[in-house]
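Just so it is clear, the model here is predicted, and its values are computed rather than measured.
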Amino acid sequence: MNLTRKEIEVNIDGEDYIMAFDNRSIATYKEIIGKPFTQGYSLLLQGDDEAVLDFIASTLRRKSEPDKPLGKEVLEGDVLFFLTTLTNHVVILISMSLPDKPKNSKKSKR
């Protein structure tokens, strides 16, 4: 699967970061949760705090190192800060990454 990278710029304590959702963040997410991505994604969509925090850890990167997710550095930091500050960004990043409905799609009749 080749995922088109989506990014959101964030500033934390005067330092520039990005949240990027791409193949590297999926691999990092799977490594952190120790499960297939789809299982973690299901919890993420349910708003599970741990899943949201794991997703933040998998997508948050210093702007100077855009290909290196912070990973466990986030999990060892102020997790309440990350949850309260970046949860909305997680929702935006996921919605940006979802495929658009085809314009000429037909509704199936049952």
Side-chain angles (χ1 to χ4, degrees):
M1 174 173 87
N2 190 9
L3 180 66
T4 303
R5 180 181 173 118
K6 303 294 183 183
E7 290 184 6
I8 297 175
E9 292 187 15
V10 295
N11 188 290
I12 301 172
D13 292 334
E15 190 174 342
D16 290 329
Y17 291 84
I18 59 170
M19 290 182 73
F21 187 45
D22 57 10
N23 289 331
R24 185 177 306 268
S25 57
I26 290 174
T28 304
Y29 189 66
K30 286 171 35 177
E31 180 182 321
I32 290 172
I33 65 173
K35 300 175 187 175
F37 178 77
T38 53
Q39 287 181 8
Y41 187 71
S42 175
L43 292 171
L44 186 59
L45 293 179
Q46 294 172 30
D48 180 88
D49 288 342
E50 188 173 326
V52 170
L53 186 60
D54 292 341
F55 190 79
I56 291 169
S58 303
T59 58
L60 189 63
R61 305 145 191 231
R62 286 181 179 79
K63 196 166 186 179
S64 61
E65 299 179 281
D67 292 327
K68 184 180 175 190
L70 295 179
K72 294 184 181 188
E73 187 177 333
V74 168
L75 303 176
E76 295 167 355
D78 185 352
V79 296
L80 186 58
F81 169 80
F82 288 112
L83 278 174
T84 58
T85 306
L86 299 178
T87 297
N88 190 46
H89 289 19
V90 168
V91 172
I92 293 168
L93 192 57
I94 290 171
S95 66
M96 286 172 50
S97 301
L98 294 174
D100 290 332
K101 180 180 167 187
K103 293 180 181 177
N104 293 329
S105 68
K106 296 179 181 179
K107 294 183 181 181
S108 61
K109 296 180 182 179
R110 295 183 189 222

Is it true that Met96 and Ile94 fall in one hydrophobic cluster, defined by side-chain heavy atoms closer than 4.5 Å? yes

Quick one: CG on Leu83 to CG on Leu53, what's the gap to the nearest 0.5 Å? 5.0 Å

Calculate, to the nearest 0.5 Å, the distance between atoms CD1 and CG belonging to Ile33 and Asp54 respectively. 7.0 Å

Enter the distance from Glu50:CD to Leu43:CG here, rounded to the nearest 0.5 Å. 8.5 Å

Quick check against the 3.5 Å criterion: does Thr28 have a side-chain atom that pairs as donor or acceptor with the backbone of Arg24? yes

Going by the rule salt bridge (Lys or Arg N to Asp or Glu O under 4.0 Å), which residues pair with Lys63 if we only count those two or more places apart in sequence or in a different chain? Glu9

Counting distance only, does the side-chain N/O of Ser25 pair as donor-acceptor with the main-chain N or O of Thr59 below 3.5 Å? no

Leu86 to Ile12 - nearest heavy-atom pair and separation: CD1-CD1, 4.2 Å

Going hydrophobic residue to hydrophobic residue with side-chain gaps under 4.5 angstrom, can you get from Leu45 over to Ile56? yes

For a quick test of reading the model, state the closest non-hydrogen atom pair linking Leu70 to Val74 and the distance between them. CB-CG2, 3.7 Å

Val10 side chain reached by Leu60 side chain, heavy atoms, under 4.5 Å: yes

Suppose we call two aromatic rings close when their centres sit under 6.0 Å apart. Are Phe55 and Phe21 close by that rule? yes

For Pro69 and Ala57, which heavy atoms make the closest approach, and how far apart are they? CB-O, 3.9 Å

Could you state whether Ile18 and Val90 fall into the same hydrophobic cluster, counting links through intermediate Ile, Leu, Val, Met, Phe, Trp or Tyr residues with side-chain heavy atoms under 4.5 angstrom apart? no

With side chain to side chain contact (heavy atoms under 4.5 Å, CB included) as the test, would you mind laying out the steps for Arg5 and Asp67 before giving the verdict? CA-CA 11 Å; Arg5 180 181 173 118; Asp67 292 327; 3.4 Å; yes

Least distance between heavy atoms, Leu93 atom then Glu7 atom: CD1-N, 4.2 Å

So, the side chain of Arg61 versus the backbone of Tyr17: is there a donor-acceptor pair under 3.5 Å, distance only? no

Is there a salt bridge (Lys or Arg N to Asp or Glu O under 4.0 Å) between Glu73 and Arg62 once you walk through the steps? CA-CA 12 Å; Glu73 187 177 333; Arg62 286 181 179 79; 2.6 Å; yes

If you look at every heavy atom in Gly40 and Ala51, which pair is closest and at what distance? O-CB, 4.1 Å

Going from OG1 on Thr87 to CD1 on Ile92, what distance comes out if it is rounded to the nearest 0.5 angstrom? 11.0 Å

Between Val52 and Leu44 the two heavy atoms that sit nearest each other are CA-CD1, 3.6 Å

Is the side chain of Thr85 donor-acceptor paired with the backbone N or O of Phe82 at a distance under 3.5 Å, no angle test? no

